[in-house]
Amino acid sequence: MLAFALALAISGPLDRCLDTGEAARGVTSAMSACFVADYRRADDRLNATYRTTMNRLPAPRRAALRQSQRAWIGTRDAACPLQQGDGVGTIEMSNHPACLAKRTRQRIVWLTHFR
């Protein structure tokens with residue numbers, strides 16, 4: 001339920017961005033900028049949640065979380081590769097940050113439950 005509420009709260013700014021200006025007219029670069037901004041918001045929230053979680057943990061658990069977070073970054077990046085090369089369309093400019101934002105929001109939920 002928390003994940004659903006978080007998704008609804010986060011999607012508002014993205015939806016508004018996609019529904020205005022050149023993004024609303026389907027200009028790929030403008031749509032991509034919306035997805036990049038959405039990922040940045042998610043990343044900012046992740047960093048704040050990580051700091052809050054770290055501050056409430058005893059030292060041994062902080063070390064475990066730090067190690068887990070570093071491993072997660074590699075997992076996230078592997079799950080969201082940036083496709084490049086011949087035959088890759090401009091939609092990848094939106095797909096990549098959208099994937100990063102999705103994985104980041106999942107991690108935020110996970111961090112809120114870390115003990």
Exercise for review: Could you tell me whether R115 atom CZ has more than 12 heavy atoms of other residues or ligands within 6.0 Å of it?
Suggested key: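 Atom CZ in R115 is packed in, count exceeds 12.
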
Check your understanding: For atom CZ of R56, is the number of surrounding heavy atoms from other residues, nucleotides or ligands below 6.0 Å larger than 12?
Key ->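 Above 12, so yes.
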
Gap between atom [atom2] of [Y] and atom [atom1] of [X] - 0.5 Å precision:
X    : Y   : atom1 : atom2 : value
M54  : T49 : CE    : OG1   : 13.5 Å
R25  : T20 : CZ    : OG1   : 9.5 Å
L100 : R40 : CG    : CZ    : 11.5 Å

[X], [Y]: one ILVMFWY side-chain cluster at the under-4.5 Å cut-off?
X    : Y   : value
I108 : L65 : yes
L82  : I73 : no
F35  : V27 : no

Exam field: side chain [X] to backbone [Y], donor-acceptor pair closer than 3.5 Å:
X   : Y    : result
T53 : L111 : yes
S68 : A64  : no
S32 : M93  : yes

Review point. If we ignore angles and hydrogens, is there a donor and acceptor under 3.5 Å between the side chains of T75 and R107?
Key: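 Side chains of T75 and R107: no pair found under 3.5 Å.
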
What are the two closest non-hydrogen atoms of [X] and [Y], and how far apart are they?
X    : Y    : value
R103 : W72  : O-CZ2, 3.6 Å
A30  : A23  : CB-N, 3.4 Å
A42  : T104 : O-CG2, 3.4 Å
A78  : P81  : O-CD, 3.4 Å

Review point. Pairs in or reaching into residues 47-67: which pass ring-ring contact (aromatic ring centres under 6.0 Å, His included), with residues at least two apart or in two chains?
Key: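 Those involving residues 47-67 do not exist here.
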
Determine whether [X] and [Y] make a side-chain contact, defined as any pair of heavy atoms from C-beta on separated by less than 4.5 Å.
X   : Y    : result
H96 : Y39  : no
R45 : R105 : no
Q69 : L46  : yes

Check your understanding: Would E92 and N95 count as a side chain to side chain contact (heavy atoms under 4.5 Å, CB included) if you check the C-alpha gap in whole Å, the side-chain angles of each, and the deciding distance to 0.1 Å?
Key -> CA-CA 5 Å; E92 185 61 20; N95 286 344; 3.8 Å; yes

Exercise for review: Could you note down all residue pairs passing disulfide bond (SG atoms under 2.5 Å apart) where residues 67-115 supplies at least one of them, sequence neighbours left out?
Suggested key: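 Matches after skipping sequence neighbours: C80-C99.
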
Check your understanding: Would you call R41-D38 a salt bridge at under 4.0 Å N-O?
Key ->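 Between D38 and R41 there is a salt bridge, with a charged N closer than 4.0 Å to a carboxylate O.
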
